[in-house]
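Taking it in order: structure first as structure tokens, then the write-up.
Letters go in sequence order (proteins before strands), and every chain restarts at 1.
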Amino acid sequence: MLEIQRIRTNKDEIIEGLQKRHFDASPIIDEILTLDEQWRASKASLESIAAEMNQISKQIGILFKEGKQEEANAAKAKTGELKSSEADLKTKVDELDEKITSLMYQLPNVPNSLVKQGRNEEDNEIIEEHGKEPVYGFTPHPHWELADKYDLIDFELGVKITGAGFPVYKGKGAKLQRALINFFLEEAESAGYTEHQVPHVVNEASGYGTGQLPDKEGQMYYSESDDLYLIPTGEVPLTNIYRNVLLPDENFSIKLTGHTPCFRREAGSYGAHVRGLNRLHQFDKVEIVRIEHPNNSEKALTEMVNHVKGLLEKLGLHYRILRLCGGDTGFAAAMTYDFEVYSAAQKKWLEVSSVSRFDTFQTTRLKLRFKNANKKSQLCHTLNGSALALPRIVACILENYQTEKGIEIPEALHKYTGFTEI
RNA sequence: GGAGAAUUGGCAGAGUGGUCGAAUGUACCGGUCUUGAAAACCGGCGUACCGCAAGGUACCGGGGGUUCGAAUCCCUCAUUCUCCGCCA
């Protein structure tokens with residue numbers, strides 16, 4: 001959520017920034033400002049009436065204490081009118097509040113100055129490309145064929161137990177995945193991130209805190225009888241650890257990591273592009289999250305990008321980095337770098353990580369602040385990224401490391417898998 | 001799941017209808033004293049919103065209600081503790 005203060009003072013900058021998303025903010029912002037003005041006026045009168053009521057009540061108290069019953073009762077009689085206009089104003093203020101908030105929820109984050117204007121993924125900028133496309137002396141198989149051939153993943157079983165999009169990993173397939181999780185967690189740990197094991201189900205307040213609600217309500221699995229949501233990413237519980245927190249000073253740099261399953265309804269996406277591991281309802285991910293001083297978030301983003309690069313290099317995968325254009329950048333993010341790995345077998349790029357800075361967009365909702373040098377509360381910045389999402393990495397390893405006889409395991413994983421080939 | 005008790009400022013803890021944003025202790029910050037420290041003493045010490053300011057308003061687990069007036073009474077939800085039940 002943007003800060004109302006910022007909307008009041010930097011309206012034009014926000015409208016201009018949001019044009020990079022092809023989002024026309026001016027009608028919403030104008031409405032917010034009109035309502036905000038009414039809100040302030042109503043609030044001022046409400047408070048002056050409240051002040052008057054408080055005065056009278058205090059007087060009545062004194063009169064009763066002095067035994068002046070009649071005067072007290074007379075004073076009581078006077079309050080009726082004040083009370084009803086207080087109630088009316090209160091209703092009005094609450095209504096305005098609600099309207100303003102719901103409009104504020106509709107405004108996405110303002111893109112960073114580096115972000116280019118654009119509508120969709122076609123306008124994303126390719127920033128870097130590393131590694132080489134693997135060369136095969138044969139026609140490479142897509143991972144779902146390999147998974148079947150070597151008995152690594154059973155999609156049918158998942159359908160039987162749950163439904164489409166919930167695969168069962170078996171034998172070396174399961175072990176490969178577990179090895180990757182350990183590899184990612186240990187890499188994160190050596191980069192200074194503290195490992196956390198967090199709930200996989202969150203309450204409504206947490207969903208609002210990181211911005212999944214109300215924007216992506218339909219994307220999350222929801223248990224109505226408990227009013228709880230299955231997490232769509234570890235970002236939600238990890239970041240919400242710091243909801244309603246006031247850090248005591250400005251010397252902080254909080255780095256969290258955790259492995260969680262992620263649950264996504266992915267309503268409406270079917271067909272060939274969701275084949276195999278490409279898009280699932282449940283998948284595992286190691287997430288990295290940072291809470292930073294605003295002056296440090298640019299540096300933090302670079303560090304996170306370098307961390308993810310390091311992982312992909314160690315796995316020896318051919319990858320590229322995109323800076324998303326305005327239209328493709330997520331609702332809450334100010335800037336996002338996507339990492340894609342090339343699948344030669346499928347002849348397409350698969351997104352395996354997304355690293356974003358949110359500036360104060362999440363922390364306004366989270367109420368996550370620190371005391372700055374002037375002893376004033378100031379909003380922190382948050383960032384997060386996948387490091388890494390498992391299934392597509394598994395898919396790419398299977399595809400890119402396939403030989404005619406089997407699948408080689410990247411060397412970095414040997415100590416975690418306990419085997420060197422499948 | 002059932003019964004009971006509780007939830008107050010960083011922590012501890014008083015307050016059961018009126019001048020309570022809240023005693024007191026402790027922690028913390030500043031000062032006096034001291035060669036330095038401790039002790040003692042003095043002062044300060046929550047958050048948010050509106051306002052140029054003076055100031056005002058709100059907040060005693062969350063939400064709602066009663067009342068001229070609520071930390072205090074009522075309803076409801078959450079959490080914690082104790083006992084019972086169930087259980088990996």
Which donor-acceptor pairs under 3.5 Å do the side chains of residues 308-316 of chain A make with protein atoms, sequence neighbours left out?
unit_1, atom_1, unit_2, atom_2, d
Lys309(A), NZ, Glu128(A), OE1, 2.8
Glu313(A), OE2, Tyr319(A), OH, 2.6
Lys314(A), NZ, Glu187(A), OE1, 2.8
Lys314(A), NZ, Glu187(A), OE2, 3.4

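- rU76(B) and rU7(B) have their C1' atoms separated by 16 Å, with the value rounded to a whole Å.
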task: Assign a letter to each nucleotide of nucleotides 47-64 of chain B from its 5' end: B, base within under 4.0 Å of a protein heavy atom; S, sugar-phosphate only; -, no contact.
output: SSSSS----BBS------
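- In this structure, the side chain of Ser353(A) engages the main chain of Ser386(A) through a donor-acceptor pair within 3.5 Å.
- Ion pairing of Lys405(A) with Glu421(A) is absent here, as no side-chain N (NZ or NE/NH1/NH2) approaches a carboxylate O to less than 4.0 Å.
- rG25(B) and rG85(B) are spaced 43 Å apart, taking the C1' atom of each and rounding to whole Å.
- The C1' atoms of rU24(B) and rG15(B) are separated by 11 Å, rounded to the nearest whole Å.
- Applying the side chain to side chain contact (heavy atoms under 4.5 Å, CB included) rule to Gln117(A) yields the partners Lys20(A), His22(A); only residues at least two apart in sequence or on another chain are considered.
- Classification of Asp338(A) and Arg323(A) as a salt-bridged pair fails, no side-chain N sitting under 4.0 Å from a carboxylate O.
- A side chain to side chain donor-acceptor pair (under 3.5 Å) check over residues 75-87 of chain A, counting only residues at least two apart or in different chains, returns nothing.
- Pairs passing the ring pair (Phe, Tyr, Trp, His ring centres under 6.0 Å) check and including a residue from residues 38-69 of chain A, sequence neighbours excluded, do not occur.
- Comparing rA70(B) with rC60(B), their P atoms sit 11 Å apart, to the nearest whole Å.
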Please list, pair by pair, any protein nitrogen or oxygen found under 3.5 Å from a nitrogen or oxygen in nucleotides 17-22 of chain B.
unit_1, atom_1, unit_2, atom_2, d
rG18(B), N2, Ser57(A), O, 2.8
rU19(B), O4, Lys65(A), NZ, 3.3

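- Asp36(A) and Arg40(A) are joined by a salt bridge, as a carboxylate oxygen and a charged side-chain nitrogen come within less than 4.0 angstrom of each other.
- A distance of about 24 Å separates the P atoms of rG43(B) and rA54(B), rounded to the whole Å.
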- prompt: According to the Watson-Crick and G-U wobble definition with distances under 3.5 Å, which dot-bracket string, read 5' to 3', encodes RNA chain B, using [ ] for crossing pairs and | for pairs with another strand?
  reply: ((((((((.[[[..)..(.....]]].(((((.......))))).(((((....))))).[[[[[..)....]]]]])))))))....
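- Residues that satisfy the side chain to side chain contact (heavy atoms under 4.5 Å, CB included) test with Leu246(A), not counting sequence neighbours, are Arg369(A), Lys371(A), Ser377(A).
- Atom CG of Leu82(A) and atom P of rU67(B) are 16 Å apart (whole Å).
- Evaluation of the ring-ring contact (aromatic ring centres under 6.0 Å, His included) rule for Trp349(A) yields His318(A), Tyr342(A) as partners, not counting sequence neighbours.
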Under-3.5 Å N/O pairs linking protein and nucleotides 85-88 of chain B:
none

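- The interatomic distance linking Met53(A) (CE) with rU67(B) (P) rounds to 11 Å, in whole Å.
- Going from the C1' atom of rG69(B) to that of rC77(B) covers 26 Å, rounded to whole Å.
- With P as the reference atom, rU8(B) and rG63(B) are 16 Å apart, rounded to whole Å.
- The residues Asp123(A) and Lys116(A) are annotated as not salt-bridged, no charged nitrogen and carboxylate oxygen being separated by less than 4.0 angstrom.
- Asp359(A) places no side-chain N or O within 3.5 Å of a backbone atom of Phe361(A) that could act as its donor or acceptor partner.
- Nucleotides rG46(B) and rG21(B) are separated by 16 Å at their P atoms, to the nearest Å.
- For Thr194(A), the side chain to side chain contact (heavy atoms under 4.5 Å, CB included) partners are His196(A), not counting sequence neighbours.
- Residue pairs satisfying the ring pair (Phe, Tyr, Trp, His ring centres under 6.0 Å) criterion with at least one member in residues 217-251 of chain A, sequence neighbours excluded, are listed as follows: Tyr222(A)-Tyr229(A).
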